[in-house]
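These notes concern the structure reproduced below.
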Number of protein chains: 2
Amino acid sequence: MFGVLQNVSKNSYIIEQDKYIKWLALVISGKVRVWQEKEDRQILLYYVCPVQTCVLSLSAIFRDCKSIVNAKTEEETTIIKIPVRHAAEWSFKYNSWNKFTLNSFIFSYEDLLHSYKNLAFNKIDKRLLEYIRSISKKNNSRYIKLSHSQLAKEIGTTREVVSKILKQFELIGLVNLRFMQIEVL
Amino acid sequence: MFGVLQNVSKNSYIIEQDKYIKWLALVISGKVRVWQEKEDRQILLYYVCPVQTCVLSLSAIFRDCKSIVNAKTEEETTIIKIPVRHAAEWSFKYNSWNKFTLNSFIFSYEDLLHSYKNLAFNKIDKRLLEYIRSISKKNNSRYIKLSHSQLAKEIGTTREVVSKILKQFELIGLVNLRFMQIEVL
DNA sequence: TAGTACCTGTACCTTTTGTTACAAGTAGTA
DNA sequence: TACTACTTGTAACAAAAGGTACAGGTACTA
């Protein structure tokens with residue numbers, strides 16, 4: 001038996017910055033947020049949803065390393081914990097596992113590359129608009145139930161900036177604002 | 001015979017944004033710059049040096065895709081061109097090739113992650129200082145022979161901003177400036 | 001030597017983003 | 001109800017970054 005099934009309650013850390021990664025987590029149900037932070041700022045990297053794994057814990061398979069990100073459950077989450085040394089063997093034993101690993105890297109790399117370009121060249125208002133639209137699309141709902149400060153932590157800025165920009169968006173008819181709710185028009 | 005050895009002259013495009021990647025390039029000698037751009041701004045992703053491959057052309061191995069980056073030789077460069085479908089087979093045939101591929105992804109992903117965090121949280125002056133110091137270290141020389149506009153294109157800003165910041169650095173004794181030369185103190 | 005292309009410095013201004021500070025609203029609960 | 005924690009709005013200000021414009025320098029070469 002190599003993997004251990006485990007239930008993790010909401011808001012628990014799966015990975016913490018500067019700590020060693022000892023096992024690989026596969027998310028079976030729930031949702032895990034992965035981000036970077038510095039002082040009181042944060043920036044989202046991605047969410048790990050069923051059935052995916054965090055590409056960064058994958059990288060730990062191949063050499064011991066400290067995590068450079070944080071990962072925390074956003075809901076009650078079920079994961080399979082696999083000690084990294086087992087997962088490393090699998091890559092050479094099982095073609096399908098190898099394929100899964102490679103695909104995870106490819107997808108994640110391209111995703112991060114898009115984020116990088118976005119961050120380098122687009123102003124905050126554009127990044128915010130794209131973000132709320134992507135949320136709306138992903139959830140298949142016009143209504144986004146996030147606070148301004150939560151949004152600020154996703155895109156790497158401050159609450160006041162998000163509030164100001166959202167207000168501008170409302171004035172030009174892009175959104176409607178309510179308490180803890182943004183309606184994307 | 002799968003690979004083709006090829007000499008590429010200085011300043012030739014290896015990969016262009018929005019074009020399909022048909023082959024994988026292994027750099028045998030020379031140097032290739034990989035970057036993203038938008039209008040007249042650019043931001044460096046990495047350099048490909050012997051004996052490495054561009055992680056992004058690796059990703060093309062596994063599914064047809066348009067490039068989201070540019071790659072151009074900075075010196076006379078020798079590459080081996082491998083049609084992507086051959087390279088794809090190798091991953092399942094040869095353990096050592098598989099290992100090489102995975103290592104490329106891991107290294108590149110972590111590298112990009114550092115850049116992303118740097119871009120998200122650090123001001124331009126700090127990023128510039130880190131960049132020129134890394135160049136100095138890499139070249140094992142105090143003297144950096146790059147113009148201000150070249151530096152601007154590496155870190156994603158404009159020439160005027162670089163000139164101003166370098167002048168400040170000179171005033172506080174961090175560097176000495178000459179025509180086409182920065183001495184790191 | 002003149003011409004060209006590129007490099008550097010800098011003053012001035014604008015836009016973008018962040019900070020501080022405060023007022024007021026919402027929701028849950030003891 | 002009163003208390004708490006969190007959310008939202010916004011004015012005024014400050015700092016960071018970018019853009020315009022121009023003067024002058026350097027290097028190469030025709």
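Each chain gets a letter, A, B and so on, in the order the sequences are listed, and its residues count up from 1. Everything quoted here is computed from the prediction, not taken from an experiment.
- Remark: Ile80(A) CD1 to Leu5(A) CG distance equals 5.5 Å, nearest 0.5 Å.
- In this structure, Met180(A) atom CE and dG25(C) atom P are separated by 19 Å, rounded to whole Å.
- Taking atom CG on Leu119(A) and atom P on dT17(C), their separation rounds to 11 Å, with Å as the unit.
- Distance CD (Glu160(B)) to C1' (dC13(C)): 13 Å, rounded to an integer number of Å.
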If you look only at distance, which donor and acceptor atoms sit under 3.5 Å apart when one is on a side chain in residues 123-135 of chain B and the other is two or more places apart or in another chain?
residue, atom, partner, partner atom, Å
Arg127(B), NH1, Ile155(B), O, 2.9
Tyr131(B), OH, Glu154(B), OE2, 3.0
Ser134(B), OG, Tyr131(B), O, 2.8

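- With rounding to whole Å, Ile124(A) atom CD1 is found 10 Å from dT19(C) atom P.
- The distance between atom NZ of Lys126(A) and atom P of dT17(C), rounded to the nearest whole Å, is 12 Å.
- Applying the 4.0 Å criterion to OP1 and OP2 of dA21(C), one finds that Arg159(A) has every side-chain N and O outside that range.
- The interatomic distance linking Leu151(B) (CG) with dG9(C) (P) rounds to 12 Å, in whole Å.
- If you check every strand for non-hydrogen atoms under 4.0 Å, Lys167(A) touches sugar and phosphate atoms only.
- Side-chain contact of Arg159(A) with Gln150(A): a donor-acceptor pair under 3.5 Å is absent, judged by distance alone.
- The aromatic rings of Tyr116(B) and Tyr116(A) sit tilted, their planes meeting at an angle between 30° and 60°.
- A donor-acceptor contact under 3.5 angstrom links the side chains of Asn122(A) and Lys38(B), judged on distance only.
- For dG18(C), the base has a donor-acceptor partner in the side chain of Lys164(A) [N/O atoms by modelled type, under 3.5 angstrom].
- With a cutoff of under 4.0 Å to any heavy atom of chain B, the contacted region of DNA chain D is bounded 5' to 3' by dA16(D) to dA27(D).
- Rounded to whole Å, the distance from CD1 on Ile43(A) to P on dT17(C) is 13 Å.
- When each of dG9(C), dT19(C), dT16(C) is scored by its nearest atom to the side-chain atoms of Lys123(A), the top-ranked nucleotide is dT16(C).
- Using cut-offs of 30° and 60° on the angle between ring planes, the pair Trp97(A) and Phe100(A) is tilted.
- For dG18(C), one of the phosphate oxygens OP1 or OP2 lies less than 4.0 angstrom from a side-chain nitrogen or oxygen of Thr157(A).
- Distance, Lys145(A) NZ to dT26(C) P: 15 Å, rounded to whole Å.
- Classification of Glu183(A) and Arg142(A) as a salt-bridged pair holds, one side-chain N sitting under 4.0 Å from a carboxylate O.
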